Amino acid sequence: MKKILYLILHTEKHSDRWNNLTQTWLKGRDYLFYSDHQDDSKNIIKVTSDNTYHSNEPKFVNVITLLPENYMNYEWYFFGDNDTWVNSDKLESMLDSFDTNVFHGSKIYCWPHDKTLGYLSGGAGILIHNSKFKHLRDNFKNYRTGYSDVSLGYYMKEHGVECVNNEMFNSQPPTHYEILEENIPNFLTFHYIKDRDTQIRYHNLCKE
C-alpha cells in the first residue's frame, strides 16, 4: 500500500497555483487536484462545472464519493486547498505516529448556524487514514452548507467520527499567530499562502 495521496481543491481560475505547489512541497509526491476543469497531464480531474466560491462543497463531496478505485490503495489521504502550504517532509515523517481512528487537522467552531459544531478547517488541511476514508467515501453526502469543511463536520457528527485538534495544522498564515519564519519548519501547514515566492521560501526553510 502506498503511503499518502494529496488531494488538492482547485479551480481553473487559479491555474498558477498548480505550479506553486507542484514545484515546491508536492514535487515528487502522489497528488490529485480536483477542479472545475480537466487536465490529465497535470493530474487535474473535473468533478463539477461550477467554478464559484461555494463550488468547494460539491467538489469535496464528489472527489471523495467518486474517487476512482485505483486511488484507494493509499494508507493516508491529505486534503488541502490550492493555497495551503504543507511541510510535507515533516508530515510524512510523522505519519506512523497519528491515530488511525480519528481525523486530524485544526479543529474550529466557526459555523454561525451551530456554534457547537466542531469541524476541521479545510484550508489548514485534513489528514484521514484509509480505514476511515472508506467509510467516508461510502456515506458522505452534500449537506448543502456551502462549505466543504462544515459538511464534513456534519458527517462526523452524524456518524460519530472523532477529530483531533493538532496545533501543527494552521488555518491562517504564520503572521496571524506571530510565528517567526525561522520557526515555520516546526509546523505542518499554513493556509492563505497564495503566491509562488512565499510557497518557495517556506519550502526552502524546511530544506535548510
Side-chain angles (χ1 to χ4, degrees), residues 4-64 66-68 71 74 76-92 105-106 120-128 146-152 168-177 179-185 187-208:
I4 186 169
L5 176 68
Y6 295 91
L7 293 142
I8 308 300
L9 174 66
H10 193 47
T11 174
E12 193 170 17
K13 293 178 180 179
H14 300 152
S15 58
D16 58 310
R17 294 184 188 175
W18 183 90
N19 287 319
N20 295 353
L21 274 55
T22 59
Q23 293 177 6
T24 55
W25 61 267
L26 272 181
K27 189 174 183 178
R29 291 173 162 85
D30 289 359
Y31 61 83
L32 188 67
F33 284 68
Y34 57 101
S35 183
D36 41 65
H37 75 295
Q38 184 91 12
D39 190 335
D40 295 338
S41 68
K42 293 183 175 182
N43 276 13
I44 300 173
I45 62 169
K46 181 178 180 179
V47 291
T48 180
S49 296
D50 187 354
N51 66 358
T52 64
Y53 176 78
H54 286 298
S55 70
N56 68 84
E57 184 178 31
K59 283 175 180 174
F60 188 59
V61 172
N62 290 344
V63 77
I64 289 172
L66 302 175
L67 189 68
Y71 288 105
Y74 288 87
W76 292 95
Y77 296 86
F78 179 92
F79 292 88
D81 292 355
N82 63 11
D83 60 351
T84 302
W85 172 82
V86 181
N87 188 349
S88 45
D89 285 342
K90 187 175 186 69
L91 175 65
E92 290 170 21
S106 175
L120 297 174
S121 162
I126 299 168
L127 183 67
I128 302 175
Y147 299 92
S148 59
D149 47 12
V150 176
S151 276
L152 185 64
M168 297 177 76
F169 291 75
N170 294 283
S171 62
Q172 301 292 326
T175 51
H176 177 83
Y177 309 98
I179 294 171
L180 299 176
E181 286 212 353
E182 62 206 54
N183 293 324
I184 285 174
F187 296 88
L188 292 176
T189 72
F190 291 102
H191 190 209
Y192 300 120
I193 312 303
K194 299 180 180 181
D195 64 285
R196 181 175 180 270
D197 289 346
T198 306
Q199 286 277 358
I200 292 172
R201 190 167 74 253
Y202 289 2
H203 179 66
N204 289 341
L205 277 170
C206 298
K207 295 294 185 181
E208 293 177 355

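What you see is a predicted model; the values in this text were computed from it and never measured. Note that these values count all heavy atoms, side chains included, but never hydrogens, waters or copies made by symmetry.
If you run side chain to side chain donor-acceptor pair (under 3.5 Å) between T52 and each of T48, D50, N56, only D50 comes through. A side chain to side chain contact (heavy atoms under 4.5 Å, CB included) with W85 holds for exactly one of L188, I193, T24, L21; it is I193.
Every residue two or more places apart in sequence or in another chain that forms a ring-ring contact (aromatic ring centres under 6.0 Å, His included) with H54 is listed here: Y147. Under the rule for a salt bridge (charged side-chain N to carboxylate O under 4.0 Å, His left out), R196 has no partner lying at least two apart in sequence or in another chain. Taking D195 as the reference, T198 meet the side chain to side chain donor-acceptor pair (under 3.5 Å) condition, with sequence neighbours excluded. Taking the salt bridge (charged side-chain N to carboxylate O under 4.0 Å, His left out) definition, one finds that D39 meets it with nothing, sequence neighbours left out. Listed by chain and residue number, W25, F78 satisfy the ring-ring contact (aromatic ring centres under 6.0 Å, His included) test with Y6 (two or more places apart in sequence, or in another chain). Not counting sequence neighbours, the partners of E12 by the side chain to side chain contact (heavy atoms under 4.5 Å, CB included) test are D36, H37. N20 meets the side chain to side chain donor-acceptor pair (under 3.5 Å) test with no other residue; sequence neighbours excluded. Partners of E181 under the salt bridge (charged side-chain N to carboxylate O under 4.0 Å, His left out) rule, at least two apart in sequence or in another chain, are R201. Residues satisfying the side chain to side chain contact (heavy atoms under 4.5 Å, CB included) criterion with S49, sequence neighbours excluded, are K46. Residues that satisfy the side chain to side chain contact (heavy atoms under 4.5 Å, CB included) test with N170, not counting sequence neighbours, are Y177, F187, F190. Partners of F79 according to the ring-ring contact (aromatic ring centres under 6.0 Å, His included) rule, which considers only residues two or more places apart in sequence or in another chain, are F60. Looking at residues two or more places apart in sequence or on another chain, you find a side chain to side chain contact (heavy atoms under 4.5 Å, CB included) between K13 and T11, N51.
Taking every heavy atom of both residues into account, T189 and A124 meet most closely at OG1-O, 2.6 Å. T22 approaches W18 most closely through the heavy-atom pair OG1-O, 2.8 Å. The two residues L9 and D81 make their nearest non-hydrogen contact at CD2-OD1, 3.6 Å. Between H10 and N82, the shortest heavy-atom distance links the atoms ND1-ND2, 3.1 Å. Between G105 and L120, the shortest heavy-atom contact is C-CD2, 3.7 Å.
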Should V150 and E57 be marked as a side chain to side chain contact (heavy atoms under 4.5 Å, CB included) after you check the CA-CA gap, both sets of side-chain angles, and the distance that decides it? CA-CA 9 Å; V150 176; E57 184 178 31; over 6 Å; no
Evaluation steps, side chain to side chain contact (heavy atoms under 4.5 Å, CB included), between H203 and K27: CA-CA 11 Å; H203 179 66; K27 189 174 183 178; over 6 Å; no
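Separating the CG atom in L7 from the CD1 atom in I128 is a distance of 9.5 Å, to the nearest 0.5 Å. A distance of 7.5 Å separates CG in L5 from OH in Y71, rounded to the nearest 0.5 Å. The distance from the NZ atom of K194 to the OG1 atom of T84 is 11.0 Å, given to the nearest 0.5 Å. Interatomic distance, CD1 of I44 versus CG of L32, reported as 9.0 Å (0.5 Å rounding). Atom-to-atom distance recorded for L127:CG and W76:CH2 is 5.0 Å, nearest 0.5 angstrom. Here the straight-line distance linking atom CD1 of I126 with atom CZ of F169 works out to 9.5 Å at 0.5 Å rounding.
The side-chain heavy atoms of S88 and R29, taken from C-beta on, include a pair separated by under 4.5 Å. Residues L66 and V47 fail the side-chain proximity criterion, which asks for heavy atoms closer than 4.5 Å. Looking at heavy atoms from C-beta onward, N43 lies in side-chain contact with Y31 at the 4.5 angstrom threshold.
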